[in-house]
Colleague: 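One structure, as C-alpha cells, below. Some questions next.
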Amino acid sequence: MEEEMDSRYSAGELEPKIYESWQKSGYFAPEKCVKDGVAKKDAETFSIVLPPPNVTGVLHMGHAAMLAIEDILVRYARMKGKRTVWIPGTDHAAIATQSKVESEIYKKEKKNRHDLGREEFLRRVEKFASESHDTIVNQIKRMGASVDWTREAFTLDEPRNAAVKTAFKEMYDAGLIYRGNKVINWDPKGQTTVSDDEVVHEERKAKFYTFKYSPDFPISISTTRPETKLGDTAVAVHPDDVRYKQYVGKEYDVDFVGTPLHIKIIADTEVDKDFGTGALGVTPAHSIIDWEMAERHKLPLKQVINEYAKMTAGGPEIEGKKTAEAREIIAEKLRAAGLMEKEEEVPQNISVAERTGGIIEPLPKLQWFVSVNKKFKLENSLPAGQASKINGIPAGSETTLKEIMKKSVEGGQIKILPERFERIYYHWIENLRDWNISRQIWYGHRIPVWTKGEKMSVGKKPFGFGWVEDEDTLDTWFSSGLWTFSTLGWPKNTADLATFHPTTVLETGYDILFFWVARMILMTGFLLGDVPFRTVYLHGLVRDEKGKKMSKSLGNAIDPLEMIDKYGADATRLSLIIGAAPGNDMKLSEDKIRGYRNFTTKIWNASRFVLMNRPVGAVSGKFDLSDDEKKYLAEFETAKKEVETHIDNFELHLAGEKAYHYFWHTFADVIIEAEKNKLKEGAPEEKAAAYETLETLLLGSLKFLHPFVPYVTEAVYQKFRPGKLLLVEKW
RNA sequence: GGGCGGUUAGCUCAGUGGUAGAGCGUUUCAUUGACAUUGAAAAGGUCACAGGUUCAAUCCCUGUACCGCCCACCA
C-alpha cells in the first residue's frame, strides 16, 4: 500500500529527511556508485571542486546560486552514470577572516591582536573559523548539495599545508619565488601588504596643487600629495618636451619647506607632456610607478612615511603627523612662501584595501614575490618523466608563468564561458606584475622559510637549534590556487589525483576570475604541467530587486536560509537558475522564489493525482496506447532531449525553463486533463493505458527535473518506487 | 583613457536571419474536481535610436544615446 499524500508539499519537513537519506546512502561518493553499479568501473569521470566559501560568516545568495548550479551539473552527471565527485571545502580566507575577528575583538574588548599575542589571537581566530565552518556546512546541506563529504577539505588544514610547502619550495627552486625590496601596497589599517588585485579604487575629491619646491628651482610640479614630495629624488619630464630639454641631466639642491632635497632632472617617456605642468616629481619610495622609474634611472630612494601612514621626515613640525595633516601644513608653507601657483579641486581615484577599507600607502618593503615573467623549464618542476601537457608549451622548452596562463586558454584546453571573459582574462595577464605573496598577518599558511644567520632553508625546518621561521604568512590565494589538486591528495601521487584531475568544470562567479581562476591555472601549469579544469563556467552576481549588490550593511540581502525555510530549497534553487544567463548579473526577489514554490506544489499534486489513479492490484490483460498517448510519449522524448542538450551546453537557465514548462503546461495542463476522463469512465484497458502513459511521463519528468528540484522529485519518486533513490536512477 | 555588457510586454528577464517568448502583475470567466500555491481565456511590444548588408533584420555590420561593470600610474 502506498502512503497517502497530503495535498500540500511541506518542504520544511521533508527536505532534511531526504538529505539525510541521500547522505546515508553513500552515493555522493563515487566509490559507492561504482560498487552498486550506478556507475561503471571505467565510466567517464565528472569532477568538480566547490569554490570553498570563506569561513567569515554565513552563506549568501551568491553561494546559493553557486551551489544550485553545481548541484545540477553534478546530479545530471551522476544520473548519466559518470563516476562523479564534487569536493566540498572551506577557505581560511586569511585577511578577510583575521580582520573580521580583529574588529570583533576590538569592539568587545578594545584589544588589538598585539595585546593578545600571536598564539592567543590565533586560538580565537580558529574558534571563530570553526564555528563559521559548521554553519556553512549546514547551509550547504540545506541547499541539497550532493557533495562528497568524505572528501571535505580546508585550505588551512594539514594536507593542504603540505601542498603549500611543496609548491613554495618548487617555485623557489625554479627561481620563481624570490625575496625583494620593492615598493608594494601597504594597508596601514590591516598592517599588511596586499596584492594589486586586493586594491580597489574609490573616487574622491582631492586638491591638486601646483608649486615649486623652492624659488631657485626652475620647474613647477603638480601633485595631490605634497607631503610625499619630501621623498622626491628627481623630477621627470618627457624627452621631447622642449620646455624642459635644457634641464635634463642637471641636479639641484633645494630647500623644500625646510627640508633639503637633492633633485635630478630626468627624461622618461612615461611622462605625459600635457598633464599638469608636464613635469613629474618622482617619489620612488611612495609610488609604485615612481619606483619603477627610479629603477630605470638608478635614482636613490627616500622613505618619508612609515607603516602607520605617519611622516618620518620634514622636521619637528611634520614628523609623526598623519599624512593628511602633513599635507595641509606643507600646503600652507608653500602658500606662505609664495611658491604655490595653483590649487584645483579634482576627482581622484584613491586606492583602498578591499578587505579592511584602509587607504593604501605604497611603501618599500622586503617581501616575497612570484615572478610571472622569469623564464624556466617546466620539466624541472614536474615529477620525473613527466612533460608539459599544455598546448603551445612544448616539452623541454623554456616558458614563463604568464605564458602558462595564456597558452592554457589559447590552446583550447580550457574553455571559459561565457566566451567574452577569455579576452578579459588575456588582458589581465598582459598587465600582470609580479605577485606579492607575503602578508604580515598571522592567520594563514606560514611562509615555509627558516633562516639561521646567512643560511636559509626553504620548505622544511632543518634540524638543529637557532633556526628562525619567517614571520609572515602567505596570500590566501596561494593555497587556493592549488585547490583542484591539493583536494585530491597532491603532492602525494594518489588514485584520486590520477582519476579525477584535471577536473571537468570549475564553476564560480566572474568576480574572482583573476583572484582565483587565473592563479589555479598558473599553479597547475607549473606544478603539474597541465590545466586544472576543462571548462570554466562563470555565473553572475545576485543582486536585489533594484539591481544593487546584496550586502548585509545595506540591509537588502535576502537570506537563503530564510527563503529555504519559507519556500523550500527547491524553489530557492529554481529562482536562482531560471532567467539567469551565464555571466550576467541577476535580480532576485522574494516574489520570484514564491512563484517557484508554486511549481514544487504543482509537481507534488500532479504526482498525487497520478498516484490516486493507480490501478488496484496488477493490471491484467493487454492494452494498447491510443494515438494521442503515443504522441505524448514521443513529445516527452523531444522535451527531454532539449533539456539534455541545454545542460550539455551549460545553458541551465534554458534547461530549467524547458523542464518547468513541459511539466506544468504540457504534462499537467494538457496531458493530465486529456486523460482524466478515461481514468474515470474508460474501459479497464483504457484506464490501464491512461495510467501507464501518465506514470511513464511523470517518472520520466521527475528524472529530468531532479537536478533542478531534487527534494520534491525525490519525495514523489519514492511514493512510486519505494526503496529506490531518484538520486541514482538512470537518466 | 581603454575594454566589456545591457537597452525586448506594466515589472523581472529569456530568445531567434523569416507571422515576437516566459514568470510575475492586470482583466474576464470557471471551480465543492490532484492542486486557489488552481484552470481557461484576454489585453499588452514600430524588440533604445539612426544608417547599412540582405529577398527578408529585434537578431549581422557601423554609428549615436542612456544605464551598468571591469581594467588603467595621468602624477
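For the numbers below, each heavy atom of this structure counts, side chains included, while hydrogens, waters and symmetry mates do not. Every chain is numbered from 1 and lettered A, B, ... according to where its sequence line falls, protein lines coming before strand lines.
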Colleague: Sort by first number and list every stem of RNA chain B: at least 3 consecutive Watson-Crick or G-U wobble pairs, both distances under 3.5 Å.
Modeller: B:1-7 with B:65-71, B:10-13 with B:21-24, B:26-30 with B:38-42, B:48-52 with B:60-64
Colleague: In whole angstrom, what separates A/D591's CG from B/U26's P?
Modeller: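 After rounding, the gap between these two atoms is 11 Å.
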Colleague: Could you give the CZ-to-P distance, from A/R597 to B/U37, as a whole number of Å?
Modeller: 8 Å
Colleague: Would you say A/K587 reaches B/C13's phosphate, i.e. side-chain N/O to OP1/OP2 under 4.0 Å?
Modeller: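 Yes, because at least one side-chain N or O of A/K587 sits under 4.0 Å from OP1 or OP2 of B/C13.
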Colleague: Decide if atom CZ of A/R420 counts as having more than 12 heavy atoms of other residues, nucleotides or ligands within a radius under 6.0 Å.
Modeller: yes
Colleague: Output the rounded distance in Å from CZ (A/F667) to C1' (B/A34).
Modeller: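 The distance from CZ of A/F667 to C1' of B/A34 comes to 11 Å, rounded to the nearest Å.
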Colleague: Output the rounded distance in Å from CD1 (A/I429) to C1' (B/C71).
Modeller: 14 Å
Colleague: Using the C1' atom as the reference point in each nucleotide, state the distance between B/U64 and B/C73 in Å, no decimals.
Modeller: 32 Å
Colleague: May I have the distance from A/L513 (atom CG) to B/C69 (atom P), rounded to whole angstrom?
Modeller: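 Atom CG in A/L513 sits about 18 Å away from atom P in B/C69.
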Colleague: Is the centre of the A/F208 ring less than 6.0 Å from the centre of the A/F275 ring?
Modeller: yes
Colleague: Could you pick out which residue, A/I672 or A/I578, lies toward the 5' side of RNA chain B when each is mapped onto its nearest nucleotide?
Modeller: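 It is A/I578 whose nearest nucleotide is closer to the 5' end.
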Colleague: Is any side-chain N of the basic residue among A/R519 and A/D197 closer than 4.0 Å to the acidic one's carboxylate O?
Modeller: yes
Colleague: Going by heavy atoms closer than 4.0 Å, what residues in residues 414-426 of chain A are next to RNA chain B?
Modeller: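 Contacting residues: A/R420, A/R423.
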Colleague: Work out how far the C1' atom of B/G21 is from that of B/C71, and round it to whole angstrom.
Modeller: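 So the two C1' atoms sit 36 Å from each other.
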Colleague: Name each donor-acceptor pair under 3.5 Å that joins a side chain in residues 648-659 of chain A to protein atoms two or more places apart or in another chain, with its distance.
Modeller:
| residue | atom | partner | partner atom | Å |
| --- | --- | --- | --- | --- |
| A/D648 | OD1 | A/Y76 | OH | 2.9 |
| A/N649 | ND2 | A/T645 | O | 3.3 |
| A/E651 | OE1 | A/H646 | ND1 | 2.8 |
| A/K658 | NZ | A/E642 | OE1 | 3.4 |

Colleague: Would a distance-only check, ignoring hydrogens and angles, find a side-chain to backbone donor-acceptor pair under 3.5 Å from A/R204 to A/Q348?
Modeller: no
Colleague: Reckon A/W291 touches a base, only the sugar-phosphate, or nothing at all at heavy-atom distances under 4.0 Å?
Modeller: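 The answer is nothing, as A/W291 stays clear of every strand by at least 4.0 Å.
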Colleague: Can you tell me how far P of B/C71 sits from CG of A/D511, to the nearest Å?
Modeller: 10 Å
Colleague: Taking only side-chain N and O atoms of A/W664, does any of them lie within less than 4.0 angstrom of OP1 or OP2 on B/G39?
Modeller: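 Looking at the OP1 and OP2 atoms of B/G39, one of them is under 4.0 Å from a side-chain N or O of A/W664.
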Colleague: Measure from NZ or CZ of A/K182 to the centre of the six-membered ring of A/F369, then state whether that distance is under 6.0 Å and the direction lies within 45° of the axis.
Modeller: yes
Colleague: Any ring-ring contact (aromatic ring centres under 6.0 Å, His included) involving residues 282-305 of chain A? Give me the pairs, sequence neighbours left out, ordered by first then second residue.
Modeller: none
Colleague: Go through B/G39, B/C71, B/C35 for me and flag the one nearest to the A/T601 side chain.
Modeller: B/C35
Colleague: In terms of side-chain heavy atoms, does A/D196 have a donor or acceptor partner in A/W435 at a distance below 3.5 Å?
Modeller: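 There is no such pair between these side chains.
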Colleague: Counting heavy atoms not belonging to A/K678, are there more than 12 under 6.0 Å from its NZ?
Modeller: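 Yes, NZ of A/K678 has more than 12 neighbouring heavy atoms, counting only those of other groups under 6.0 Å.
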Colleague: Per the atom types in the model, does the base of B/U37 pair as donor or acceptor with the side chain of A/R8 at under 3.5 Å?
Modeller: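 Side chain to base: pair present.
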Colleague: Using distance alone, with no hydrogens and no angle criterion, decide if A/E341 and A/S220 have a side-chain donor and acceptor under 3.5 Å apart.
Modeller: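 Side chains of A/E341 and A/S220: pair found under 3.5 Å.
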Colleague: Rounding to a whole Å, what distance do you find between A/F514:CZ and B/C4:C1'?
Modeller: 11 Å
Colleague: Mind listing the N/O atom pairs, protein and nucleotides 14-23 of chain B, below 3.5 Å?
Modeller:
| residue | atom | partner | partner atom | Å |
| --- | --- | --- | --- | --- |
| B/A14 | OP1 | A/N584 | ND2 | 3.3 |
| B/G15 | OP1 | A/H653 | NE2 | 3.4 |
| B/G23 | OP1 | A/H665 | NE2 | 3.2 |

Colleague: Of the non-hydrogen atoms in A/R614 and A/K719, which two are nearest, and what is the gap between them?
Modeller: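 That would be NH1-O, 4.2 Å.
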Colleague: Using the 3.5 Å cut-off, write out each protein N or O paired with an N or O of nucleotides 72-75 of chain B and the distance between them.
Modeller:
| residue | atom | partner | partner atom | Å |
| --- | --- | --- | --- | --- |
| B/A72 | N6 | A/N349 | ND2 | 3.0 |
| B/C73 | N3 | A/E270 | OE1 | 3.2 |
| B/C73 | N4 | A/E270 | OE1 | 3.2 |
| B/C74 | O2 | A/D272 | OD2 | 2.8 |
| B/A75 | N6 | A/D272 | O | 2.8 |
| B/A75 | N6 | A/F275 | O | 3.2 |
| B/A75 | N1 | A/D272 | N | 3.3 |

Colleague: In whole Å, measure the gap between the C1' atoms of B/G5 and B/A48 for me.
Modeller: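 Between the two C1' atoms, the distance is 15 Å.
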Colleague: Indicate whether OP1 or OP2 belonging to B/U38 is found under 4.0 Å from a side-chain N or O atom of A/N605.
Modeller: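 Checking A/N605 against B/U38: no side-chain N or O falls below 4.0 Å of OP1 or OP2.
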Colleague: What about A/F708 and A/Y660, are their ring centers closer than 6.0 Å?
Modeller: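 No, the ring of A/F708 stays outside the 6.0 Å limit from the ring of A/Y660, centre to centre.
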Colleague: Could you give the distance separating B/C70 and B/U62 at their P atoms, to the nearest angstrom?
Modeller: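 Those two atoms are separated by 25 Å.
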Colleague: Quantified in whole Å, what is the C1' atom distance between nucleotide B/G6 and nucleotide B/G15?
Modeller: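 Taking atom C1' in both B/G6 and B/G15, they lie 15 Å apart.
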Colleague: With C1' as the reference atom in both, quote the distance from B/C55 to B/C66 in angstrom, rounded to an integer.
Modeller: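 That atom pair is separated by 35 Å.
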Colleague: Is it the case that A/D570 and A/T600 place a side-chain donor and acceptor less than 3.5 Å from each other?
Modeller: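 No pair is found: no donor N or O on one side chain lies under 3.5 Å from an acceptor on the other.
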Colleague: OP1 or OP2 of B/A34 versus the side-chain N and O atoms of A/K676: is any pair under 4.0 Å?
Modeller: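 True: A/K676 side-chain N/O within range (under 4.0 Å) of B/A34 OP1/OP2.
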Colleague: Walk me through it: do A/S195 and A/N436 pass the test side chain to side chain donor-acceptor pair (under 3.5 Å)?
Modeller: CA-CA 6 Å; A/S195 70; A/N436 172 206; over 6 Å; no
Colleague: Less than 4.0 Å between a side-chain N and a carboxylate O, is that true for A/D240 and A/K273?
Modeller: no
Colleague: Starting at atom CZ of A/F663, determine the distance to atom P of B/C35, rounded to an integer number of angstrom.
Modeller: 15 Å
Colleague: Using the P atoms only, state how far B/G52 lies from B/U16, rounded to an integer number of Å.
Modeller: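 26 Å, rounded to whole Å.
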Colleague: Of all the heavy-atom pairs spanning A/Q303 and A/P364, show the shortest one and how long it is.
Modeller: OE1-CG, 3.5 Å
